[in-house]
Amino acid sequence: MKLRYLVQGLPGHPLHPPLTDATIGIYTFATIAALTDVLSITNRAGAEGWWLALIAGLVTTAVTALTGLVDWLTISWGSELWKTATTHAITMVSATIFFALAAIFGHDEFLAGNVEAGGLVLTLIGFGLLTAGGWLGGAVVFVHGMRVLSLVDEPATRAVAPVPHSEKEEAEGS
């Protein structure tokens, strides 16, 4: 087994996309939890869930970003795919900065059990950037076709099997 499979995943089964699902889900929960606290739908629970989700999101972001960086390093410099992927990366790093600032400056809010305007605004800006970055990440896959094998006639049992095959071989149908 190749070492790169540990950080990139197998051909047709990259690691970065499912990790982004987890990270986006966690930050979405953090945003909803903050809103439920600010709107007085919850009491302490909303603020506590918000801050703890921000921390969990930052942890998963580290792994997600690492796998994305490894994929980004394989892209031809200056290509249209590279431009889109680079914009995606910059947008996601920006989102992470806002979520990190929300966690740092929101720690006292967490301890008090009350999300204040500053924490909410930082979280909402982070979420807006996260949404834009997710859109760009979708373009990397669904428009540019990065790491997509496009084997429409592949038997279902083989398509879902975690078996390493050369991406070039698979794309050529060998």
Side-chain angles (χ1 to χ4, degrees), residues 4 6-9 13-42 44-148:
R4 73 182 179 110
L6 295 175
V7 289
Q8 279 191 300
H13 301 279
L15 287 180
H16 185 67
L19 290 172
T20 64
D21 292 349
T23 304
I24 290 170
I26 293 167
Y27 285 134
T28 299
F29 174 80
T31 304
I32 292 169
L35 287 169
T36 64
D37 185 74
V38 169
L39 297 173
S40 299
I41 296 170
T42 61
R44 286 189 75 83
E48 291 171 353
W50 160 72
W51 193 81
L52 292 171
L54 287 175
I55 298 305
L58 292 168
V59 170
T60 60
T61 294
V63 179
T64 304
L66 174 64
T67 60
L69 175 63
V70 170
D71 283 347
W72 181 81
L73 291 171
T74 67
I75 301 171
S76 296
W77 183 272
S79 66
E80 294 304 313
L81 169 58
W82 180 87
K83 292 174 188 176
T84 305
T86 301
T87 305
H88 163 69
I90 291 167
T91 305
M92 296 310 263
V93 167
S94 299
T96 302
I97 290 168
F98 278 95
F99 287 128
L101 290 171
I104 291 165
F105 294 117
H107 186 255
D108 289 340
E109 298 171 29
F110 160 71
L111 294 175
N114 190 31
V115 178
E116 299 291 336
L120 178 64
V121 168
L122 290 168
T123 301
L124 290 173
I125 292 170
F127 188 74
L129 289 166
L130 179 76
T131 302
W135 179 274
L136 291 165
V140 167
V141 175
F142 298 111
V143 175
H144 295 290
M146 181 168 183
R147 308 267 336 258
V148 175

Heavy-atom pair with the smallest gap, counting every atom of L54 and A103: CD1-N, 3.8 Å

Gap between atom CG of L52 and atom CH2 of W50 - 0.5 Å precision: 10.5 Å

Residue pairs passing the salt bridge (charged side-chain N to carboxylate O under 4.0 Å, His left out) test where at least one lies in residues 107-116, sequence neighbours excluded: none

All pairs passing salt bridge (charged side-chain N to carboxylate O under 4.0 Å, His left out) where residues 65-82 contributes a residue, at least two apart: D71-R147, E80-K83

Non-neighbouring partners of W135 that pass side-chain contact (heavy atoms from CB on, under 4.5 Å), sequence neighbours left out: none

side-chain hydrogen bond (donor to acceptor under 3.5 Å, both in side chains) involving H144 - partner list, sequence neighbours excluded: T84

W51 side chain near L111 side chain, heavy-atom distance below 4.5 Å: no

Where at least one partner belongs to residues 84-102, residue pairs that pass salt bridge (charged side-chain N to carboxylate O under 4.0 Å, His left out), sequence neighbours excluded: none

OG1-CE distance between T64 and M92, expressed to the nearest 0.5 angstrom: 8.5 Å

Note, T74 side chain near M146 side chain (heavy atom, < 4.5 Å): yes

Close side-chain approach of I90 and T86, heavy atoms under 4.5 Å: yes

side-chain contact (heavy atoms from CB on, under 4.5 Å) partners for I125, two or more places apart: F98, V121, L129

Test side-chain contact (heavy atoms from CB on, under 4.5 Å) applied to I97 and V93, step by step: CA-CA 6 Å; I97 290 168; V93 167; 4.1 Å; yes

Partners passing side-chain hydrogen bond (donor to acceptor under 3.5 Å, both in side chains) against T60 (at least two apart in sequence or in another chain): T23

For T67, all residues meeting side-chain hydrogen bond (donor to acceptor under 3.5 Å, both in side chains), sequence neighbours excluded: H16

Minimum heavy-atom distance A95-G126, with the two atoms named: CB-O, 3.5 Å

Under 3.5 Å donor-acceptor pairs involving side-chain atoms of residues 25-37, not counting sequence neighbours:
{"residue": "Y27", "atom": "OH", "partner": "G57", "partner atom": "O", "Å": "3.1"}
{"residue": "Y27", "atom": "OH", "partner": "L58", "partner atom": "N", "Å": "3.2"}
{"residue": "Y27", "atom": "OH", "partner": "T61", "partner atom": "OG1", "Å": "2.9"}
{"residue": "T28", "atom": "OG1", "partner": "I24", "partner atom": "O", "Å": "2.7"}
{"residue": "T31", "atom": "OG1", "partner": "Y27", "partner atom": "O", "Å": "2.9"}
{"residue": "T36", "atom": "OG1", "partner": "A33", "partner atom": "O", "Å": "2.7"}
{"residue": "T36", "atom": "OG1", "partner": "T42", "partner atom": "OG1", "Å": "3.3"}
{"residue": "D37", "atom": "OD2", "partner": "V115", "partner atom": "N", "Å": "2.6"}

Qualifying salt bridge (charged side-chain N to carboxylate O under 4.0 Å, His left out) pairs with a residue from residues 128-137, counting only residues at least two apart or across chains: none

Where at least one partner belongs to residues 113-134, residue pairs that pass ring-ring contact (aromatic ring centres under 6.0 Å, His included), sequence neighbours excluded: none

Euclidean distance, I75 CD1 relative to W82 CH2, rounded to 0.5 Å: 9.5 Å

Spatial distance of atom OG1 (T123) from atom CG (L130) [nearest 0.5 Å]: 11.5 Å

